[in-house]
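What follows is a set of notes on a single structure, which appears directly below.
All ligand and atom numbering here is 1-based and tracks the order in the structure. The first residue in the sequence is number 1, and the count goes up from there.
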Amino acid sequence: MHIPTLIARKRDGEALTPGEIRSVIKQFTSGEMPDYQMSALAMAIFFRGMTDEELAALVDAMLHSGSTLSWANDDPMRVDKHSTGGIGDKTSLIIAPLLACDGLWVPMISGRGLGITGGTLDKLESIPGFNTQLDEQRIREILAEFGCVMIGQTADICPADKKLYALRDVTGTVPSIPLITASIMSKKLAEGLNRLVLDVKFGSGAFMQNRADAETLAAAMVRAGEALGVATTALLNPMNEPTGHSAGNALEVAEAVACLQGRGPSDLEKICLELAAAVSNSPRDVLAKRLRDGTAWERFQRMVEAQGGDLASLERITAVHAAPVILDVRAKESGQIIRMDSRQMGLAVLNLGAGRATAGGAIDFAVGCDQIAKTGTQVRSGDVIARIHARSTEAAAAAAETILSGVEIR
Ligand code: URA
């Protein structure tokens, strides 16, 4: 296979064969194909797109570039949900134990924060002792006992995606629907799932800024999942305002705990129930009951304990991670909140230190924002519309300015 010819064919709009795609991913993963050729091919894919057949082959090749979780025929059904990322999105923490109460297995592999969007792994690691790097034997043991396990991508799961994502990040090829689809679906399908629900966000705080692009991405991911034998559903959800009332690692864990204890904000509970119902054996009212009667909370605690997390700290997570400066953000006028922009909130929380400034950098679990008011709320001038948790008064003031620039009251 002559790689320059293959790149040129893709550049000119020709489809590659599944065999060619498999070979490219194999050579790229092993290092035989240099990064500059892969970058050129990624750019050709960015402009030319991929056919369904090409995309299914790419997902399959990437998912088989490393190890996958494997299951026995008599193991329970494996299900999962994946969100394309948002602000204040702590749904994974609630959905994994909720689905496990159904007798399903949820081997959830999650990621870290990306840009302004938060990551499930970072949130979980705010629980002292919680270990997200488990070997396959331990993953199986925890699933057999509790039905859910929440872990990070290991070095041997989808190494092709790790390499390709790093290249895309620096070559302007991240926002390509086939490349996003292959990246997300290869990692999710490496879990050996039977059913998958995708939470595809659109809006100011999402990867996809408008609904039409989110629909295209959702349809591509569903087709790729189905082509590889996984019953895949996608729900489109707006991300113009943060989910729930909090954004920031420990603050979000506290809100997820409240939701698991049946005291969650209504928008958070609603989206969790909708997503869970899409892959569950139980109807929504049964799932709602499990959130409200403590069944899902009990399951979450057992999983946290099994993964080394300290339960006493979990119950007082915002005291364990307490930021020294608390600043109220107040409404500048009276009226109805018509915008509480999630992008501005995401930027503010990232700059407070809840996300990373450099790859592999440290994050601050304590900082963020809570008491975030929802759009539609009537407020009077001076009412608290958010509360900032910061390391310094300067950082808090900068965050307040960023947040207020995304607030509109009329
Ligand atoms: N998340 C991923 O894992 N990959 C992408 O390409 C985009 C979001």
Side-chain angles (χ1 to χ4, degrees), residues 25 28-29 38-39 41-43 45-47 49-50 54-56 58-63 65-66 68 80-87 89 91-92 107-123 132 150-191 193 196-203 205-210 213-225 228 230 232 234-237 239 342-343 346 350 355-356 359-360:
I25 293 302
F28 172 62
T29 310
M38 194 62 190
S39 307
L41 184 59
M43 191 57 90
I45 293 171
F46 176 90
F47 282 114
M50 281 187 134
E54 283 180 294
L55 186 50
L58 181 61
V59 175
D60 192 49
M62 282 171 56
L63 110 87
S65 66
T68 55
D80 198 3
K81 102 61 227 188
H82 176 81
S83 166
T84 58
I87 313 301
D89 180 1
T91 54
S92 293
M108 193 181 275
I109 299 177
S110 298
R112 300 195 177 279
L114 193 63
I116 59 167
T117 66
T120 301
L121 280 193
D122 297 332
K123 292 168 206 181
T132 56
M150 300 183 80
I151 50 171
Q153 189 186 356
T154 64
D156 25 288
I157 291 181
C158 294
D161 175 63
K162 257 201 178 136
K163 274 190 89 177
L164 181 54
Y165 195 89
L167 267 192
R168 286 167 57 210
D169 206 17
V170 291
T171 56
T173 50
V174 169
S176 147
I177 286 181
L179 295 177
I180 295 173
T181 300
S183 171
I184 292 176
M185 294 304 282
S186 61
K187 281 176 287 197
K188 280 288 134 179
L189 300 188
E191 296 173 2
L193 300 176
L196 172 66
V197 60
L198 299 160
D199 171 23
V200 184
K201 309 281 199 198
F202 62 95
F207 236 44
M208 296 289 136
Q209 295 286 297
N210 60 62
D213 287 348
E215 269 168 10
T216 308
L217 176 62
M221 291 200 287
V222 168
R223 286 197 303 272
L228 292 165
V230 179
T232 310
L235 302 182
L236 296 186
N237 284 302
M239 181 35 75
S342 57
R343 179 171 172 75
L350 177 69
R356 288 181 183 77

Can you tell which of T117, D89, T91 makes a side-chain hydrogen bond (donor to acceptor under 3.5 Å, both in side chains) with S83?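 Going through T117, D89, T91 one by one, the side-chain hydrogen bond (donor to acceptor under 3.5 Å, both in side chains) with S83 is satisfied by D89 alone.
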Within a strict 4.5 Å, meaning less than it, do heavy atoms of the R112 and K123 side chains meet?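 Side chain of R112 against side chain of K123, heavy atoms only: no contact under 4.5 Å found.
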Return a table of N or O atom pairs, ligand 1 on one side and protein on the other, at distances under 3.5 Å, rounded to 0.1 Å.
unit_1   : atom_1 : unit_2 : atom_2 : d
ligand 1 : 3 (O)  : S183   : OG     : 3.4
ligand 1 : 3 (O)  : K187   : NZ     : 2.4
ligand 1 : 4 (N)  : S183   : OG     : 2.6
ligand 1 : 6 (O)  : R168   : NH1    : 3.0
ligand 1 : 6 (O)  : R168   : NH2    : 2.9
ligand 1 : 6 (O)  : S183   : OG     : 3.4

So which pairs with a foot in residues 152-180 pass salt bridge (Lys or Arg N to Asp or Glu O under 4.0 Å), sequence neighbours left out?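 Every salt bridge (Lys or Arg N to Asp or Glu O under 4.0 Å) pair that includes a residue of residues 152-180, provided the two are not neighbours, is D161-K187.
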Under the side-chain hydrogen bond (donor to acceptor under 3.5 Å, both in side chains) test, which residues partner T132, sequence neighbours left out?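 Testing T132 for side-chain hydrogen bond (donor to acceptor under 3.5 Å, both in side chains), a comparison that skips the adjacent residues, returns E125.
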Going by the rule side-chain hydrogen bond (donor to acceptor under 3.5 Å, both in side chains), which residues pair with R223 if we only count those two or more places apart in sequence or in a different chain?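 Once residues adjacent in sequence are excluded, the partners of R223 under the side-chain hydrogen bond (donor to acceptor under 3.5 Å, both in side chains) criterion are D52.
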Please check: side-chain N/O of D199 versus main-chain N/O of K201, any donor-acceptor pairing under 3.5 Å?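 Between the backbone of K201 and the side chain of D199 there is no qualifying donor-acceptor contact (under 3.5 Å).
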